[in-house]
Amino acid sequence: MTRHLLRDDDISPAEQAEILDLAARLKHDRWAEQPLAGPQTVAVIFDKSSTRTRVSFAVGIADLGGSPLIISTANSQLGGKETPSDTARVLERLVSAIVWRTYGQAGLEEMAAGTSVPVVNALSDDFHPCQLLADLLTIREHKGRLAGLTVTFLGDGASNMAQSYVLAGATAGMHVRVASPEEFVPAASVVADGDRIAEATGGSVSLFTDAAEAVAGADVVVTDTWVSMGKEDEKAHRVATFGAYGVDRELMSLAASDAVFMHCLPADRGYEVSADVIDGPQSIIWDEAENRLHAQKALLVWLLERKDA
Ligand code: CP
Ligand code: NVA
């Protein structure tokens, strides 16, 4: 049966580990897999801006022997004249997989329901599962394991990154803490799904309003922009509201002495993180950015192996 990655809990703990193991192998041996040789085409569609996702998918698809077709929605019929399901029916005749960065999760679900090729969420308002595969690969490289580690996400708890940490971290058996103002907590349904997954994996999900309490003893400290794409009109309110959740050296000093700092980028230095932390010795952001390539290649290989004939 064709599989999709629309949210982080579309894959089981064993499947997540399998994809991360494959990513590590492909990082070591970059051209080991060529499932797209021909070349077959993968459509990579953007409703929002991107640097890392665009480049890492384009390079990764080429590494796998395929041809990336980068589409800006502004120059296509999708989002204007044509529905996701009609687009899906057309694309499945022409490409081997669809990667889509969009706003609502419902569009991704409609796209996946309407097609026989794998659909990958390249960031929606609700989740950023490709980033989480890269983050988990990076944490595993630096810490040697995932299960049992404590990861604290600070800032916009209702964001795609926070919600993906809840699901993907729980899937990996991590203790996920989210520190945010009460106005910006993860959706209750996402926390409930994270709790359910964590019960099986030995992880946990906890919400905090106090940043210091949430960071105490953490192995991994993560933040993201306070103004996600699509929220630009709320910038003044967000900057005023998230002030207590900025990561600086004082806050980092409360984490474990060997804690690492992560940020999916792009970053606003001086807002969600100080320059001395993001550019300092505990920061592993460049490994994290590179690992988008290896993680997404592994994901594509894994999904293409499961595609309907
Ligand atoms: N982290 C991330 O998804 O970056 P881009 O917006 O540049 O793709
Ligand atoms: N939360 C951010 C992530 C950017 C990669 C956004 O959605 O803009």
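Side chains are part of it too, since the values below use all heavy atoms of this structure and drop only hydrogens, waters and symmetry mates. In listed order, ligands and their atoms are each counted from 1.
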Below 6.0 angstrom between ring centroids: does that apply to Tyr271 and Phe242?
no
Which pairs, with at least one residue in residues 93-104 and sequence neighbours excluded, count as a side-chain hydrogen bond (donor to acceptor under 3.5 Å, both in side chains)?
Gln40-Ser96, Asp47-Trp100, Asp47-Thr102, Thr53-Arg101
Name all residues meeting the side-chain hydrogen bond (donor to acceptor under 3.5 Å, both in side chains) criterion together with Thr209; count only those two or more places apart in sequence or in a different chain, and write none if there are none.
none
Is a salt bridge present between [X] and [Y], judged by a nitrogen-to-oxygen distance below 4.0 Å?
X      : Y      : value
Glu33  : Lys27  : no
Glu213 : Arg177 : no
Arg7   : Asp193 : yes

Given Arg140, which partner from the list Asp287, Asp21, Asp135, Asp219 fulfils the salt bridge (charged side-chain N to carboxylate O under 4.0 Å, His left out) test?
Asp21
Report yes or no: is the cationic atom of Lys297 (NZ for Lys, CZ for Arg) closer than 6.0 Å to the six-membered ring centre of Phe57, at no more than 45° off its axis?
no
With the criterion set at N/O pairs under 3.5 Å, what does the list of contacts between the protein and ligand 1 look like, atom names and distances included?
{"from": "ligand 1", "atom 1": "1 (N)", "to": "Gln131", "atom 2": "OE1", "distance (Å)": "2.9"}
{"from": "ligand 1", "atom 1": "1 (N)", "to": "Cys264", "atom 2": "O", "distance (Å)": "2.9"}
{"from": "ligand 1", "atom 1": "1 (N)", "to": "Leu265", "atom 2": "O", "distance (Å)": "2.9"}
{"from": "ligand 1", "atom 1": "1 (N)", "to": "Arg292", "atom 2": "NH1", "distance (Å)": "3.4"}
{"from": "ligand 1", "atom 1": "3 (O)", "to": "Thr53", "atom 2": "OG1", "distance (Å)": "3.1"}
{"from": "ligand 1", "atom 1": "3 (O)", "to": "Arg101", "atom 2": "NH2", "distance (Å)": "2.9"}
{"from": "ligand 1", "atom 1": "3 (O)", "to": "His128", "atom 2": "NE2", "distance (Å)": "2.9"}
{"from": "ligand 1", "atom 1": "3 (O)", "to": "Arg292", "atom 2": "NH1", "distance (Å)": "3.0"}
{"from": "ligand 1", "atom 1": "4 (O)", "to": "Arg52", "atom 2": "NE", "distance (Å)": "2.8"}
{"from": "ligand 1", "atom 1": "4 (O)", "to": "Leu265", "atom 2": "O", "distance (Å)": "3.4"}
{"from": "ligand 1", "atom 1": "6 (O)", "to": "Arg101", "atom 2": "NH1", "distance (Å)": "2.8"}
{"from": "ligand 1", "atom 1": "7 (O)", "to": "Thr51", "atom 2": "N", "distance (Å)": "2.7"}
{"from": "ligand 1", "atom 1": "7 (O)", "to": "Arg52", "atom 2": "N", "distance (Å)": "2.8"}
{"from": "ligand 1", "atom 1": "7 (O)", "to": "Arg52", "atom 2": "NE", "distance (Å)": "3.2"}
{"from": "ligand 1", "atom 1": "7 (O)", "to": "Arg52", "atom 2": "NH2", "distance (Å)": "3.0"}
{"from": "ligand 1", "atom 1": "8 (O)", "to": "Ser50", "atom 2": "OG", "distance (Å)": "2.6"}
{"from": "ligand 1", "atom 1": "8 (O)", "to": "Arg52", "atom 2": "N", "distance (Å)": "3.4"}
{"from": "ligand 1", "atom 1": "8 (O)", "to": "Thr53", "atom 2": "N", "distance (Å)": "2.8"}
{"from": "ligand 1", "atom 1": "8 (O)", "to": "Thr53", "atom 2": "OG1", "distance (Å)": "2.6"}
{"from": "ligand 1", "atom 1": "8 (O)", "to": "Arg101", "atom 2": "NH1", "distance (Å)": "3.4"}
{"from": "ligand 1", "atom 1": "8 (O)", "to": "Arg101", "atom 2": "NH2", "distance (Å)": "3.3"}

Between atom NZ of Lys143 and atom CG of Leu149, what is the distance when rounded to the nearest 0.5 Å?
7.0 Å
List the protein residues in contact with ligand 2, where contact means a heavy-atom separation under 4.0 angstrom.
Leu123, Asn160, Asp224, Thr225, Ser228, Met229, Cys264, Leu265
